[in-house]
Amino acid sequence: MSKYRDIIEQVNYIAFLSVVALLPFPQLWLRYACVIWLITWALEGRWLRLSTLKSALPFLLFGLWYGWKAVSGLWAEDHAAWAWQMERYMTFAFLIPVGIWGVNDRYDWKQIGKVFVISCIIAIPFYLAILTPLYYHREIIDYLHWEGDWNYSFNTWYGFFYDNISVIKHRLFLCSVEMFGAVIALQIWREKKWLIALSLPVMLSAIPLTGSRQSILTLAAMLTIWIICSLPAALRWRYGLGIILIGTVLSGAVLKLHPRMSGFDIHGITRMREVSLDHDVRFNIWGCALQHPEDYLCYGLGAGQSTHYLMQIYKEKGFDYYYTKHYHAHNQYLEETMEIGIAGLLMFLLAWLSIPLCAQGEGRRMAMLFVTLFMFNMLTDCMFGKFDGIALWAVGMVLIYRIDRGDRASSDLPTHS
């Protein structure tokens, strides 16, 4: 029996490392790796060893949010869309037991972090190697019948790359993984400055290479949090606001120079409900969603119903292109409000806030950066709209859990005078 458990534990850990390694790449095999990881975890029989309630609380709160989504099926019009979303979000339910009973002792968070960082570094030349030949031989695109909006508005190789990366890997998810990889690199190689100096530029090059505007804001927010957390506790309140203001100004200045910001009217957000084809696409989508907020504010339309609801408004407003493209809300908070109402949104926010509140030491700083990454990116996209975002959430939760458990174990050790 002991030999059987050792084999299962080893397979489980390898499956988790596979999930970690596949995160920066297209999600073709990512789902299968996640399924193997969760199945082998269940086969371990860990339900006999309970974790602490404080460590498990964030998992339980995400489970509560998922449960409210399940209940919303009672008033959802399209039960097929509700079932599809519940199946896609099932990872949130499956990770509740992982949070309660923990993972096996083979999980070395530093080893996991090294696999993650190496994978993030390899991913950049991987995408360069795929897209470079396509720039010089664009007839290959037609031959492969790849689906996507291959836009040749930029004549340079650089422009071609960042205009078309999303066909292979959505730019926001690639940048999110690479930024989290940079955070982990800073954590595991704090005393090896040369490794940080080599690895960080490669990983953070994903932001200019993909042209993700939102990632510039997110990176600025994460750097701000990192600097504030690195200050002595007595200085955080004194200098925190100033650091936030500097980060805001610098990120705004960088964004102003971004090629994709030409013609962008930030003031359009104040007249968002006055949807027009002249406005930014996201402003129009949000404006359509906000046409009749009384339809969903109380208890929502039901899980999986937001896109169908938007499609009806696109038709009314004459946004035929949005309709044919099935544009979703492009804002996770707005989508949650539309689908499960204000109460559901509050559950969702509480689950996120609980992650840093329930962690301690190094785990808390990692948790704050992880939450900042998601909460900023969810402003302009649905991070859980693709499995990439759900898998990144799962890996981040387990990593924070392991760091936090290690800190708790070391703080419980007796001290000698």
Side-chain angles (χ1 to χ4, degrees), residues 16-17 19-21 23-24 51-52 54-59 61-62 95 98-99 102-103 107-121 173 175-193 195-196 199-200 203-204 215 218-233 236 240 243 247 349-378 383 388-412:
F16 183 73
L17 289 177
V19 173
V20 170
L23 273 174
S51 178
T52 61
K54 193 171 184 180
S55 297
L57 186 60
F59 295 89
L61 289 173
F62 274 104
L95 250 75
V98 175
V103 292
Y107 281 65
D108 181 346
W109 79 264
K110 288 189 176 180
Q111 185 180 53
I112 295 166
K114 287 172 185 175
V115 170
F116 196 177
V117 171
I118 291 168
S119 184
C120 287
I121 292 169
F173 293 100
C175 290
S176 297
V177 171
E178 295 290 335
M179 282 189 282
F180 194 49
V183 168
I184 295 170
L186 287 168
Q187 188 76 11
I188 60 177
W189 289 333
R190 281 180 299 181
E191 297 176 0
K192 297 179 180 178
K193 302 292 191 295
L195 279 175
I196 291 175
S199 62
L200 256 62
M203 288 184 281
L204 296 181
S215 296
T218 304
L219 179 62
M222 292 176 73
L223 284 172
T224 301
I225 296 296
W226 179 274
I227 293 168
I228 291 173
C229 288
S230 300
L231 291 173
R236 286 173 192 168
I243 294 169
L349 294 175
L350 183 60
W352 279 108
L353 293 174
S354 70
I355 301 175
L357 290 175
C358 291
Q360 67 175 26
E362 295 295 338
R364 176 165 289 179
R365 179 161 69 172
M366 179 74 79
M368 288 182 69
L369 291 164
F370 179 67
V371 170
T372 302
L373 171 68
F374 266 85
M375 295 196 84
F376 265 79
N377 282 348
M378 287 190 296
M383 286 295 287
D388 305 61
I390 299 171
L392 178 59
W393 170 84
V395 168
M397 291 290 284
V398 172
L399 266 174
I400 293 164
Y401 174 87
R402 287 303 293 174
I403 297 169
D404 186 52
R405 293 291 292 166
D407 284 346
R408 289 181 195 279
S410 60
S411 66
D412 290 341

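Below, each value reflects all heavy atoms present in this structure, side chains not excepted, and no hydrogens, waters or symmetry copies.
Residues C229 and R236 approach most closely at O-NH2, 3.0 Å, considering heavy atoms. Between M203 and G181, the shortest heavy-atom distance links the atoms SD-C, 3.6 Å. When all heavy atoms of L204 and A182 are compared, the pair lying nearest together is CD2-CB, 4.0 Å. Scanning all heavy atoms of the two residues, the minimum distance from V371 to P356 falls at CG2-CD, 3.8 Å. Looking at every heavy atom in both residues, C358 comes nearest to D404 through O-OD2, 3.8 Å. Closest approach of I228 to G240, counting heavy atoms only: CD1-O, 3.8 Å.
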>> Could you walk me through whether T218 and T372 satisfy the side-chain contact (heavy atoms from CB on, under 4.5 Å) test, starting with their C-alpha distance in whole Å, then the side-chain angles of each, then the deciding distance to 0.1 Å, before giving a yes or no?
In response: CA-CA 7 Å; T218 304; T372 302; 5.6 Å; no
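Between K114 and Q111 the shortest side-chain heavy-atom distance does not fall below 4.5 Å. F16 places none of its side-chain heavy atoms less than 4.5 Å from the side chain of V103. In this structure, L399 and V20 have side chains that are not in contact, with every pair of non-hydrogen atoms separated by 4.5 Å or more. Between L195 and I188 there is no side-chain heavy-atom pair separated by less than 4.5 Å. I112 has its side chain within reach of L17: a pair of non-hydrogen atoms, C-beta onward, lies under 4.5 Å apart. Between V98 and Y401 the shortest side-chain heavy-atom distance does not fall below 4.5 Å. Put simply, the side chain of D388 does not reach to within 4.5 Å of the side chain of L23, judged on heavy atoms.
We find the CD1-CD1 distance between I243 and I225 to be 10.0 Å, quoted to the nearest 0.5 Å. The CE atom of M179 lies 5.0 Å from the CG atom of N377; values are rounded to the nearest 0.5 Å. Atom CD1 of I196 sits about 10.5 Å away from atom NZ of K192, to the nearest 0.5 Å. The distance from atom NZ of K110 to atom CD1 of I403, rounded to the nearest 0.5 Å, is 9.5 Å. With values rounded to the nearest 0.5 angstrom, I390 atom CD1 is found 10.5 Å from M383 atom CE. With values rounded to the nearest 0.5 angstrom, I355 atom CD1 is found 12.0 Å from M368 atom CE.
Applying ring-ring contact (aromatic ring centres under 6.0 Å, His included) to F374 and the options F62, F180, W352, F173 leaves one that passes, W352.
Here the side chain of S119 pairs no donor or acceptor atom with the backbone of F116 at under 3.5 angstrom.
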